[in-house]
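A short worksheet on the structure shown next.
Heavy atoms only: backbone and side chains are in, while hydrogens, waters and symmetry mates are out. Indexing begins at 1, ligand by ligand and atom by atom, following the structure's order.
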Amino acid sequence: MKVLAPLMLAGAASAHTIFTSLEVGGVNYGTGNGVRVPSYNGPIEDVTSNSLACNGPPNPTSPTNTVITVQAGQNVTAIWRYMLSTTGTSPNDIMDSSHKGPTLAYLKKVNDARTDSGVGGGWFKIQHEGFDGTTWGTERVIYGQGRHNIKIPECIEPGQYLLRAEMIALHGAGNYPGAQFYMECAQINVVGGTGTKKPSNTVSFPGAYKGTDPGVKISIWWPPVTNYVIPGPDVFQC
Ligand SMILES: *[C@@H]1O[C@H](CO)[C@@H](O)[C@H](O)[C@H]1NC(C)=O
Ligand SMILES: [Cu+2]
């Protein structure tokens with residue numbers, strides 16, 4: 001523990017993150033436009049909190065009236081920044097490099113993306129990236145200008161969805177609570193697809209994660225991670 005303590009303190013210091021804006025087809029819609037952003041960048045650590053769905057108290061988010069149009073089958077990019085006011089793209093402008101863990105993305109079909117809280121069932125996973133033996137998913141975002149690439153499945157039915165982009169930081173996850181969950185929800189309208197699929201492998205937020213999940217309660221510093229199990233369900237496949 002003597003060796004680990006400085007690392008954990010460094011991680012605890014301040015360097016959190018926010019999914020601040022969504023980029024679609026090369027167009028960035030702007031901070032908080034179509035993405036419900038909090039003013040404070042802190043994590044949620046309680047996996048039973050309603051704030052695990054789309055963030056929320058202790059980090060209340062601002063509503064937005066924008067619903068961003070996305071073509072089914074298109075890739076969108078969640079843009080992560082250290083703070084709402086951070087405009088740079090150096091690694092420290094994204095998230096502290098101690099914040100190693102997976103990236104994930106989920107969709108939930110809703111009647112009105114502007115008003116649906118996101119709390120409850122109906123979420124299906126559309127992307128995740130864990131640890132490949134060398135690099136964590138979050139490191140690709142930290143060293144990739146905060147860009148988190150997410151494919152919207154081509155086969156899902158058109159309509160409004162909440163897009164929940166997430167990064168989990170595991171630097172202090174040896175005990176639960178300890179893992180830091182960072183997530184915001186974008187409001188999107190999926191068009192153009194011929195899809196009709198309603199994914200069956202859905203989960204709830206809160207509910208999808210447990211404090212005992214091997215990907216939530218894990219000491220990543222020692223022993224070396226060999227087979228990281230990403231929390232949540234399998235990725236939905238068309
Ligand atoms: C689209 O996003 C997925 C992740 O959901 C990624 O694996 C893929 O490389 C991306 N494709 C392009 C062309 O960027
Ligand atoms: Cu942090």
For ND1 in His16 and OH in Tyr182, the angle at the Cu ion (ligand 2) (nearest 10°) is 70°
Pro214 to Val229 - nearest heavy-atom pair and separation: CG-CB, 4.2 Å
Can you find a side-chain donor-acceptor pair between Asn92 and Ser90 that sits under 3.5 Å? no
So what's ligand 1 close to, N/O to N/O, under 3.5 Å?
from: ligand 1; atom 1: 2 (O); to: Asn75; atom 2: OD1; distance (Å): 3.4
from: ligand 1; atom 1: 2 (O); to: Asn75; atom 2: ND2; distance (Å): 2.5
from: ligand 1; atom 1: 5 (O); to: Lys151; atom 2: N; distance (Å): 2.9
from: ligand 1; atom 1: 11 (N); to: Asn75; atom 2: ND2; distance (Å): 2.9
from: ligand 1; atom 1: 14 (O); to: Asn75; atom 2: ND2; distance (Å): 3.2
from: ligand 1; atom 1: 14 (O); to: Asn149; atom 2: ND2; distance (Å): 3.0

Looking only at N, O or S atoms, find the one in His99 nearest to the Cu ion (ligand 2) and name it. NE2
For the student: nearest non-hydrogen atoms of Ser97 and Ile142, plus distance: CA-CD1, 4.1 Å
Side chains of Thr86 and Asp93: is there a donor and an acceptor less than 3.5 Å apart? no
Output all residues satisfying salt bridge (Lys or Arg N to Asp or Glu O under 4.0 Å) with Asp234, sequence neighbours left out; order by chain, then residue number. none
Flag for Gln127-His148: side-chain donor and acceptor within less than 3.5 Å: yes
Closest non-hydrogen atoms of Ile126 and Leu163, given as atom of the first, atom of the second and distance, are CD1-CD1, 4.1 Å
